[in-house]
Chemist: 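Can you read through this structure? Questions will come right after.
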Amino acid sequence: GQQVMQIPQYQHVQEGEDFTTYCNSSTTLSNIQWYKQRPGGHPVFLIQLVKSGEVKKQKRLTFQFGEAKKNSSLHITATQTTDVGTYFCAGRHGGYQKVTFGIGTKLQVIP
Amino acid sequence: DTEVTQTPKHLVMGMTNKKSLKCEQHMGHRAMYWYKQKAKKPPELMFVYSYEKLSINESVPSRFSPECPNSSLLNLHLHALQPEDSALYLCASSQEVQRAQYFGPGTRLLVL
């Protein structure tokens, strides 16, 4: 089946440091979505990327979609304790209705 | 209203019980989803409804039975579950199946 690989699985950073998580697919994605799940919470939609090479920013978060539409990244500048949680990418392959979630990257921020 | 609500929040059931999970959204979304999430794992798709019709069943065992009574409501009927079915069950909705999904808070299910 279609897979979306996500690394790293875990990341500990000191507050104020930057953080990046990466997603990769062996086949072209029609779009990719990013979600954040706080401990004990539910996934919350962050953004959707559709175009090749697209870059979108939300305050300290920068999302990129690769030129070949096979990879994506989420970068957080100057992490804060409120950034703690698990970040999931979810990619859609071709005309499939479903999205395939990556394994998630669990971010811990040390104050 | 930008919320997806789910009831109950917690559910404990025996293997012979029959119970139902409920999900509601009033955002006018035409796609609704059931996911199962185990601890430290990503959400795992179970069912997708598009315009009140079942469009995806991810080979889910028949002891899980979805129902979409109308465009705002989604139910998941549970019968003869196994302990390994214990998980967080998440409902989500989106404008269309290609769009962003909005998740409810989930039902934490424990099967004894």
Side-chain angles (χ1 to χ4, degrees), chain A residues 1-11 21 23 25 29-51 54 56 58 63 65 69 72 74 84-108, chain B residues 2-10 21 23-25 27 29-60 66 87-109:
Chain A
Q2 307 288 3
Q3 284 193 320
V4 174
M5 310 303 291
Q6 187 173 359
I7 57 167
Q9 256 192 279
Y10 303 95
Q11 185 86 59
T21 172
C23 279
S25 169
L29 298 167
S30 55
N31 62 48
I32 192 157
Q33 299 166 354
W34 285 92
Y35 294 84
K36 176 184 178 181
Q37 186 171 18
R38 292 181 189 272
H42 58 277
V44 174
F45 173 75
L46 295 176
I47 208 146
Q48 176 166 290
L49 304 172
V50 179
K51 297 177 186 173
E54 192 168 13
K56 287 189 176 179
Q58 289 178 351
F63 303 85
F65 202 9
K69 297 180 73 171
S72 181
L74 157 59
V84 162
T86 300
Y87 293 85
F88 293 101
C89 62
R92 189 183 307 280
H93 292 89
Y96 286 104
Q97 288 192 330
K98 61 177 275 190
V99 290
T100 301
F101 277 80
I103 193 88
T105 296
K106 184 174 181 178
L107 172 65
Q108 298 204 343
Chain B
T2 57
E3 214 181 27
V4 177
T5 58
Q6 287 187 246
T7 55
K9 284 189 168 50
H10 302 273
L21 309 184
C23 174
E24 192 166 6
Q25 57 89 13
M27 294 179 276
H29 289 175
R30 303 317 301 263
M32 295 186 77
Y33 313 76
W34 280 115
Y35 285 88
K36 173 182 176 180
Q37 188 177 31
K38 291 277 209 179
K40 301 183 182 183
K41 297 288 186 185
E44 182 185 331
L45 183 67
M46 299 174 72
F47 303 103
V48 179
Y49 275 83
S50 179
Y51 288 84
E52 299 160 54
K53 287 188 171 24
L54 182 66
S55 62
I56 295 180
N57 175 342
E58 289 286 288
S59 303
V60 179
L88 177 67
Y89 287 84
L90 293 160
C91 173
S93 71
S94 62
Q95 260 186 324
E96 305 276 348
V97 290
Q98 301 275 347
R99 308 290 290 272
Q101 295 181 39
Y102 293 85
F103 284 81
T107 294
R108 291 199 181 272
L109 174 66

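A note on names: the letters A, B, ... follow the listed sequences, proteins ahead of strands, and every chain is numbered from 1.
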Chemist: In terms of heavy-atom proximity below 4.5 Å to chain A, should B/Tyr35 be classed as side chain, backbone, both, or neither?
Modeler: side chain
Chemist: Under a 4.5 Å cut-off applied to non-hydrogen side-chain atoms, are A/Gln37 and B/Phe103 in contact?
Modeler: no
Chemist: Is B/Gln101 close to A/Val99 at the side-chain level, that is, under 4.5 Å between some pair of heavy atoms?
Modeler: yes
Chemist: Quick one: what part of B/Glu44 sits under 4.5 Å from any heavy atom of chain A, side chain, backbone, both or neither?
Modeler: neither
Chemist: Side-chain contact, heavy-atom cut-off 4.5 Å: A/Phe88 with B/Pro43?
Modeler: yes
Chemist: Please report the shortest heavy-atom distance between B/Leu45 and A/Lys98, naming the atom on each side.
Modeler: CD2-CB, 3.5 Å
Chemist: Is a side-chain donor-acceptor pair under 3.5 Å present for B/Arg99 with A/Gln48?
Modeler: no
Chemist: Sort out for me which of A/Pro43, A/Ala90, A/Gly104 touches chain B most, counting heavy-atom pairs under 4.5 Å.
Modeler: A/Pro43
Chemist: Quick one: what part of B/Gln37 sits under 4.5 Å from any heavy atom of chain A, side chain, backbone, both or neither?
Modeler: side chain
Chemist: Rounded to the nearest 0.5 Å, how far does NZ of B/Lys40 lie from OG1 of A/Thr86?
Modeler: 10.0 Å
Chemist: What is the minimum heavy-atom distance between A/Phe101 and B/Pro42, and which atoms define it?
Modeler: CB-CB, 3.9 Å
Chemist: Do you know which of B/Pro105, B/Gly106, B/Ser50 has the most heavy-atom pairs under 4.5 Å to chain A?
Modeler: B/Pro105
Chemist: Taking all heavy atoms of B/Leu90 and all of A/His42, pick out the closest pair and write down the distance.
Modeler: CD2-CB, 3.9 Å
Chemist: Are more than 12 heavy atoms from other residues, nucleotides or ligands located less than 6.0 Å from atom NZ of B/Lys38?
Modeler: yes
